[in-house]
Structures are given as C-alpha cells and as structure tokens.
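Chain A is the first sequence line, chain B the second, and so forth, proteins listed ahead of strands; every chain is numbered from 1.
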Protein chains: 2
Amino acid sequence: MTSPLTFPITVDIVALTVIDHALHCLVVRRGIDPYRGRLALPGGFVREDEQTHQAAARELTEETGIAPPGHLEQLRSYGPLGRDPRGPILSVAYLLLAPSFSPARAGGDASGALWHPVDALLTPSSPLAFDHAAILADGVERARSKIEYSPLATSFCGPEFTITQLRTTYEAIWGSPLDPRNFHRKATKTASFIEATGETIREGAGRPAALYRLAPGVDETAFVLDPPLRRPASPAPASQEKGAPPPSAQQ
Amino acid sequence: MTSPLTFPITVDIVALTVIDHALHCLVVRRGIDPYRGRLALPGGFVREDEQTHQAAARELTEETGIAPPGHLEQLRSYGPLGRDPRGPILSVAYLLLAPSFSPARAGGDASGALWHPVDALLTPSSPLAFDHAAILADGVERARSKIEYSPLATSFCGPEFTITQLRTTYEAIWGSPLDPRNFHRKATKTASFIEATGETIREGAGRPAALYRLAPGVDETAFVLDPPLRRPASPAPASQEKGAPPPSAQQ
DNA sequence: TCAAAAGTGTTGGGGCTACACCCATGG
DNA sequence: CCATGGGTGTAGCCCCAACACTTTTGA
C-alpha cells in the first residue's frame, strides 16, 4: 500500500453562554488571511501529540483567555473539501456551555474575543467565516437537545442559582417562554437534577427565591432526566440532524 | 504561521442489520498489518478530492461489495492519538442501517466480509482491531436512540413489511421485548410513519398480516415521530453520550 | 375444534398544560 | 395596602402499560 494522503486538521469551538436572556457565542475577529477581519469561531490546527479535544481546550485558552470551565463535547467533523480556500482541511467541532460570568473579551492570538448574539450570527448573510455558521447552527441545536435530558443547563448558572434563573436559561436556549409555575414543579420534583441549599436570596421586589445547586454525584453531561424536560414544539421545525440524541442527529 | 502538521484520515463504517432477531455488524478480516487476521470495521484512508462520507461509501463498496443502500450518518471522529500503532491517525466513523437481505459475504480488498453478531463483538475481550469496539458501541447506541424518533427502523425491513416484522426489528435493536398489541397500535396510529398497502401476507399459521410501507414523502432519517416510540428502560443503563440526538443525540 | 398469530377495546396511572390560588417581601 | 415575584393545588387531557377479548387463518 502506498503512503496515505495526509490533511491538516483543525478544531473549532462553539462556546455558548446566556447574556441578558439571549444566547451568545464566543467569536474572534480573524487577524490573518483568509477571511482577515471577519468573525470566526475560536479554533486552530491540531498539533502533534494531542487529541482533538486537547487541541480545542488549548486553542480556546490561547485565543480567548478562557479555560474550559466545563465539558467539551464533540459535535462532529466537517470537510475536508470545500470549506477553506487554502485547500482540503478537516475540522472537528466541539461544544462548550459556559457560565455567563466567564471572562469575556479576553485577548489572545486573535484580535480580541467577544460574546456575540447567536441570532445575528445565524442570518442568511452571516458574518462568520468559513462554514462556521453551519457549525454554530449544529452546536445550538445540540445544546437545545441536550438540556432536555441532562442537567447541563446548570452549567450556565454558576454553583448556586434560583429556579427562575434556571428557567430563564432554558428560555434563552430554547428561544421560547416557559410557564414559571410548571417549570418550578418539574425542576424541583425531577430526581437527580437539583437540590435546595436551604438558603434564600432577595432579588428586588417579591418573595425571596430559594437557592439550588446541582444534585450531588450527578454528571452534568449524563442523560439522567427522566422524564426529560421537553421543549415546546416549534412553529416551523427546521430540518434537524442529531449528532447525539439525545436526545438527539445526522449529517 | 508555520505550515501546519498533517495527519492521515480514515473512515470506519458501522453497518448494522438484523438477522434472526439479532443485531449484526458488517466486519472484514484484515489482510495486512497491523492487526492482520483480526476482525475490523470496513474502512480506509480518505483520498484527495473526496469528502469523508464519499470515502465511507467508496470503502464500503470496495471492501464488502455492498453499495450503501441508505443513508450514511456521521457518528463522530476518533483520535488522532493512541488508536493505531502506525502513528497518529484521525478516523471519522459513519453509521449505516441496512436491510437484512443485503449481499452479505461479498468479497473485496479485505479477506472477506461477513455479518457478525454485535453481542460477540462488544465483549470485554472484543475480537475487533484498533478502537473499533468503542466505535461500534457508539454506533449501536446511536441506532438505538435514532429509531425512537425517526422511521429509520423501516430501513431494515425492505420496501414492504408487516407490523410484526417491524416490531421484531425494534426488539432486536433495543434488545428487549415489546408488547405486540401496544406496538401495533402505536405504529399504525403515529402520523408520518407507515401506511397500509392494502395487501396481506400469510406466514405459517395464524391470521394473515397486513403489509405496510414507509409513509410517502417521509425522509427515513428525519425526526418526525411525535410522540416518539420510547424504548423500555434498561436495567443497567450504560454511560451514554449522544452523538446525535434522539435524543439524543451526542459524542 | 383448537392453536396461533393479528388486531381492537378498556382501564388505571402518570405526566403535562393551563390556570386559580396562596406566600413573602419591598415600597 | 398593594405590586411583584415565589411557590402550591388542581382539573382535564393525553399517553401509555397491561391485559381481556375478538378475528382470521392452518391443522
């Protein structure tokens, strides 16, 4: 057998957070060609002696100053053809759900990193370079699906949170309002999800809210919510691919 | 920036079918080192000027003589480190669900291809080379998840099938028995799933069964089953990651 | 007439949606 | 006292598991 063809491999990170009740994605402004000056997902080439998930963590820190606070989940691979003007390059995409107090805007290799509203990045004329709009769309769909049956949404909330904070997180990711009373009952009654700390917190007017934390011994990424928190039916369900499940996939 | 490091890229195909009420996977016996003589998933190196899914279809045909009868769904990527003694190699895995009458045992580059029971390939001392046991496990989990909310299980059944044939397919993939009466009602009442042909077929003793086909205009891979056909709860749920959906789906 | 497989009816439980209602606080 | 948000109760709907029962065939 002849020596096999080789390809450069990149990683791209879809890092999501919730700011002001809206889903935001971490993007960098490219300092080099191609697509110099355009927005792009953080990422870069895989080096020798590292796995793709290690490259994703390294590039995220290098380009944005953010150390992955949680779990990097692989989305899928893209390419190698037709996605980079420099030639065939395979890219492996990763998803990260970060708390909203992550150090945004930390600088690095790229000309600044910032949280950008997802809605503005997914328009038909997306400002994102390469095929990053498609990658982002897959990442958002994965996040929407994953929080249905895993406690992963608590990753956005910090160590302690109120039920309302958790609910507004779900609303921001799913993009649809939820009934506060039914959500409260569902969140507090579901096993292996959250537990009360016993503390309460006052936030402006109204009755103080009880504080909760992730239930002990629960992996945020495990599929433990049974029955799941199902998102409301969308009016116009976009064609879906399930990279995972769950729930949740295809290409 | 210096010229980036490059890697060989392979594809591996998890092709599943149902034979004698048991899930089987298409494997080849390796004719070359490393792992000469061991069983492995069909696959090979990605060439210039092809996408990974095209490489998967090409390798499947070359090694097993089987042209992908349906949809090749990307599972995820693996590596590049620690999975091949020849050095760092990234592999992109694909999933294919094939009807049981696919031409098994067709020869090719490798020393023969055959359908092998999945159970025997997933033991702790798996006969599979490389990390193919882990890839197969991910593929089986994706298949189990995907048939919950897509009509994909009909891919195993051929163009026309009885409700009992469809149910035994679900039972083989999920590995657990289902109530025939409840399954019948669920399958026939769910919209955008199957439709009666009007014909019946006699199979040994008992009342003849009505024949059904996939509902017209339905993409087998779309997430159209609402509510989904949920699989029975497993006694010992293995740790899951959803490559796609259904749930699930991730990696 | 009986066994076997296909297919239908029914019943009880649980989760969910929708909403009425009560609780605890600030102004 | 009232506005504001936190939290509980409940009624009706739908789905589902379980299983009794009917239908249609071969032997």
Side-chain angles (χ1 to χ4, degrees), chain A residues 21 147-149 157 160-171 174 176-213 223-235 247, chain B residues 21 147-149 157 160-171 174 176-213 224-235 246-247:
Chain A
H21 291 209
I147 64 173
E148 290 189 45
Y149 41 78
C157 293
E160 298 191 351
F161 46 86
T162 66
I163 298 293
T164 296
Q165 288 169 353
L166 184 61
R167 176 175 48 82
T168 57
T169 298
Y170 272 92
E171 290 174 333
W174 284 342
S176 54
L178 302 172
D179 184 293
R181 294 97 87 195
N182 291 334
F183 182 88
H184 185 283
R185 190 190 351 261
K186 186 84 169 89
T188 53
K189 293 288 192 296
T190 299
S192 300
F193 189 20
I194 59 176
E195 67 168 10
T197 67
E199 307 289 309
T200 61
I201 188 173
R202 273 179 291 277
E203 296 182 309
R207 174 175 171 176
L211 281 172
Y212 291 81
R213 68 171 79 91
F223 291 17
V224 296
L225 268 39
D226 185 42
L229 282 129
R230 307 260 332 249
R231 62 183 133 167
S234 301
Chain B
H21 292 209
I147 63 173
E148 290 189 44
Y149 41 77
C157 293
E160 298 191 351
F161 46 86
T162 66
I163 299 293
T164 295
Q165 288 169 353
L166 184 62
R167 175 175 50 81
T168 56
T169 298
Y170 272 92
E171 289 173 335
W174 284 341
S176 53
L178 302 172
D179 184 293
R181 294 95 89 194
N182 290 334
F183 182 89
H184 186 282
R185 192 191 348 264
K186 186 85 167 88
T188 52
K189 294 286 191 296
T190 299
S192 300
F193 189 20
I194 58 176
E195 68 168 9
T197 67
E199 307 290 309
T200 61
I201 188 172
R202 273 180 291 277
E203 297 181 309
R207 174 175 171 174
L211 281 172
Y212 291 81
R213 67 171 79 93
V224 297
L225 268 40
D226 185 42
L229 281 129
R230 306 253 342 242
R231 62 183 132 169
S234 300

(request) Find out whether B:T169 and B:F161 are in side-chain contact, i.e. whether some heavy atom of one side chain is under 4.5 Å from a heavy atom of the other. (result) no
(message) Using heavy-atom distances to pick each residue's nearest nucleotide on DNA chain C, tell me which of A:D179 and A:T200 is more 5'.
(response) A:D179
(request) With sequence neighbours left out, write down each residue that passes ring pair (Phe, Tyr, Trp, His ring centres under 6.0 Å) with B:F183, or none if nothing qualifies. (result) B:Y170
(message) Taking the minimum atom-to-atom distance to the side chain of B:A209, which one of C:dG26, C:dA6, C:dA18 wins?
(response) C:dA6
(request) For DNA chain D, note the earliest and the latest nucleotide, 5' to 3', having some atom under 4.0 Å of a heavy atom belonging to chain A. (result) D:dT4 to D:dT10
(request) Could you state the atom-to-atom distance from CD1 of B:I201 to P of C:dG7 in whole Å? (result) 12 Å
(request) Starting from the 5' end of DNA chain C, give me the residue, A:L229 or A:R202, whose nearest nucleotide shows up first. (result) A:L229
(message) I need the OH-P distance between B:Y212 and C:dA6, as an integer number of Å.
(response) 12 Å
(message) Looking at B:H184, I'd like to know whether one of its side-chain N or O atoms comes within less than 4.0 Å of OP1 or OP2 on C:dG7.
(response) yes
(request) Using heavy atoms to find the nearest nucleotide of DNA chain D for B:P208 and A:R181 separately, return the residue whose nucleotide is more 5′. (result) A:R181
For nucleotides 1-5 of chain C, which of its nitrogen or oxygen atoms have a protein nitrogen or oxygen under 3.5 Å away, and what is each distance?
none

(message) Measure CZ/B:R185 against C1'/C:dT11 and give the value in whole Å, please.
(response) 12 Å
(request) Specify the closest pair of heavy atoms between B:H184 and B:Y212, including all atoms of both residues, with the distance to one decimal. (result) NE2-OH, 4.5 Å
(request) Check whether any side-chain N or O of A:K186 sits under 4.0 Å from OP1 or OP2 of C:dG15, and answer yes or no. (result) no
(request) Please report the closest heavy-atom contact between B:R167 and B:L178, naming both atoms and the distance. (result) CD-O, 4.1 Å
(request) Using a 4.5 Å cut-off on heavy atoms from C-beta on, say whether the side chain of B:L229 contacts that of B:F193. (result) yes
(request) Could you tell me which non-hydrogen atom of B:P177 sits nearest to which non-hydrogen atom of B:P232, and how far apart they are? (result) O-CG, 4.4 Å
(message) Please classify the nucleic acid contact of B:R230 as base, sugar-phosphate, or nothing, using heavy-atom distances under 4.0 Å.
(response) nothing
(request) Take the protein atom CD of B:E199 and the nucleotide atom P of C:dA6, then report the distance between them rounded to whole Å. (result) 18 Å
(request) Answer yes or no: is there a side-chain heavy-atom contact under 4.5 Å between B:T162 and B:L211? (result) yes
(request) Could you tell me whether a side-chain N or O of B:T190 sits under 3.5 Å from a main-chain N or O of B:A187, the two making a donor and an acceptor? (result) no
(request) Can you tell me the distance, in whole Å, between the CG atom of B:N182 and the C1' atom of C:dG12? (result) 13 Å
(request) Would you mind reporting whether B:I163 and B:P180 have side-chain heavy atoms less than 4.5 Å apart? (result) no
